[in-house]
Number of protein chains: 2
Amino acid sequence: MTVDRDQVLRTAAALLTRKATATMDEVARASGIGRATLHRHFAGRDALVRALEELGIREFEAALDAARTDEGSASDAVRRLIAEIEPAAGLLAFLVTENQLFEGEMNEGWDRLDSRVSAVFQRGQRQGEFRIDLSPAWLTDAFYGLVSSGFWAVHDGRVATKDFQYMIAELLLGGARRSVEQ
Amino acid sequence: MTVDRDQVLRTAAALLTRKATATMDEVARASGIGRATLHRHFAGRDALVRALEELGIREFEAALDAARTDEGSASDAVRRLIAEIEPAAGLLAFLVTENQLFEGEMNEGWDRLDSRVSAVFQRGQRQGEFRIDLSPAWLTDAFYGLVSSGFWAVHDGRVATKDFQYMIAELLLGGARRSVEQ
DNA sequence: CCCGAACGAGACACTGATGTCTCATCCGAT
DNA sequence: ATCGGATGAGACATCAGTGTCTCGTTCGGG
């Protein structure tokens with residue numbers, strides 16, 4: 001009988017990713033619970049979004065762990081990261097835009113994640129694998145942007161699901177890697 | 001005494017780009033006009049957003065014209081396009097997220113713009129300048145995503161304004177161009 | 001200079017979403 | 001079987017935003 005809080009969060013994430021303006025009532029109905037119950041678990045809309053943020057951070061952190069970004073070449077690390085992040089791409093896209101709009105008060109967990117992503121690009125630069133004229137901060141932003149774009153491209157049918165990882169990885173790595181022009 | 005409708009639109013664009021949930025009252029005050037006057041020019045919030053959309057389409061189209069995307073190498077065409085789009089990057093970022101959220105009912109003008117951007121990438125592929133395993137549709141989406149990411153990166157101080165064009169162009173073209181790995 | 005159109009300020013009703021509350025019901029543990 | 005905690009449904013007040021209106025003022029063209 002007890003509501004599965006995490007399941008509610010995942011349903012809310014799926015809904016809010018597609019429709020950021022969904023009401024609490026819509027979120028509740030999508031999760032198959034009453035609005036009152038939703039309020040019992042999340043004090044309000046802000047609390048829900050904050051919980052969503054924590055879920056996103058948890059999943060992103062898990063993806064970083066699973067991708068073992070310290071091992072092998074930086075390119076392969078980026079490829080593994082893209083693969084691991086794919087299931088959470090929608091949530092990430094939602095949170096990225098959410099964070100862009102509300103200046104200031106953002107969860108500190110993002111800093112840690114930014115650092116870990118940035119570290120991969122730094123490592124690639126240090127080891128001579130990536131070009132050094134594109135800053136790790138920019139490559140990190142670009143990574144978020146491309147994952148979001150990739151999610152929407154797949155969501156709207158402009159890119160096949162099976163191509164998600166390849167398209168992002170090739171574009172990002174093609175731009176980041178040192179290479180000799182043809 | 002008469003309100004400069006286009007100036008109001010530009011102010012609204014600047015505000016809504018930073019805070020998408022700004023109220024009509026905030027938009028009016030930002031433009032230095034009364035809320036009633038704002039309503040006299042734009043029937044409602046929807047009308048305002050639609051007018052903003054048309055402004056964005058006009059500016060984007062003007063950027064495409066100014067970039068002369070048919071001339072020279074496709075790479076240079078992309079570079080010129082990025083340079084021309086820079087002043088409207090914020091508005092574009094706003095409209096891109098706006099369009100992603102509201103499925104369906106989107107201004108048909110976007111199709112024409114998408115086609116023109118996509119055509120540049122197609123030309124690059126046809127002329128052997130760009131790799132063919134990344135679809136023009138994806139490169140177009142990635143272009144929007146990178147311009148948006150670039151805008152926010154500059155806006156939040158993670159990338160210097162002067163690097164905006166270079167960072168986007170190098171990443172996008174590095175990923176799109178055919179090249180021999182080091 | 002004067003008249004009219006456009007404006008700003010504010011009042012007003014209306015709507016949609018929110019947050020809180022009650023109460024009947026249901027399910028699980030004991 | 002029973003008891004208690006959790007739930008769903010719905011009522012309710014509240015609030016923010018919207019759209020409309022009026023009225024006094026201001027500016028600019030004739």
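Residue numbers start from 1 in every chain, and the chains themselves are labelled A, B, ... in the order their sequence lines are given, proteins ahead of strands. Keep in mind that the numbers below use all heavy atoms, side chains included, and drop hydrogens, waters and symmetry copies.
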Report yes if at least one side-chain N or O of His41(A) is closer than 4.0 Å to OP1 or OP2 of dA6(D); otherwise report no.
-> no
Compare side-chain N and O positions of Thr37(A) against OP1 and OP2 of dG8(D) and report whether any pair is under 4.0 Å apart.
-> yes
Where each residue is assigned the nucleotide of DNA chain C containing its nearest heavy atom, which of Leu38(B) and Ala22(A) is assigned the position nearer the 5′ end?
-> Leu38(B)
Return yes if the base of dG19(D) and the side-chain atoms of Arg35(B) contain a donor-acceptor N/O pair under 3.5 Å, otherwise no.
-> yes
Ion pair check, Glu71(A) and Arg80(A), cut-off under 4.0 Å = no
How is Arg40(B) classified with respect to the nucleic acid when contacts are heavy atoms under 4.0 Å: base, sugar-phosphate, or nothing?
-> base
Nearest-Å distance for atom pair CG/P, residues Asp25(A) and dA11(D) | 14 Å
Is the side chain of Gln122(A) donor-acceptor paired with the backbone N or O of Ser115(A) at a distance under 3.5 Å, no angle test?
-> no
Please work out whether the ring planes of Phe143(B) and Phe60(B) are parallel, tilted or perpendicular, with thresholds of 30° and 60°.
-> parallel
Does a nitrogen or oxygen in the side chain of Arg45(B) sit under 4.0 Å from OP1 or OP2 of dT18(D)?
-> yes
Could you check which of dT18(D), dG8(C), dT18(C) has an atom nearest any side-chain atom of Ile33(B)?
-> dG8(C)
Separation of dG8(D) atom P from Met24(A) atom CE, nearest Å, is 14 Å
What is the distance, rounded to the nearest whole Å, between atom NE2 of His39(B) and atom P of dT22(D)?
-> 16 Å
Single-linkage hydrophobic cluster Val49(A)~Phe42(A), side-chain heavy atoms < 4.5 angstrom | no
Atom CZ of Phe42(A) to atom P of dA6(D): distance rounded to whole Å?
-> 16 Å
Gap between atoms CG and C1', on Asp4(B) and dA6(C) respectively (whole Å) = 14 Å
In whole angstrom, what separates Asp46(A)'s CG from dG19(C)'s C1'?
-> 12 Å
Answer yes if the side chains of Glu129(A) and Ser75(A) hold a donor-acceptor pair under 3.5 Å, and no otherwise.
-> yes
In whole angstroms, how far is the P atom of dC7(C) from the CZ atom of Arg5(B)?
-> 12 Å
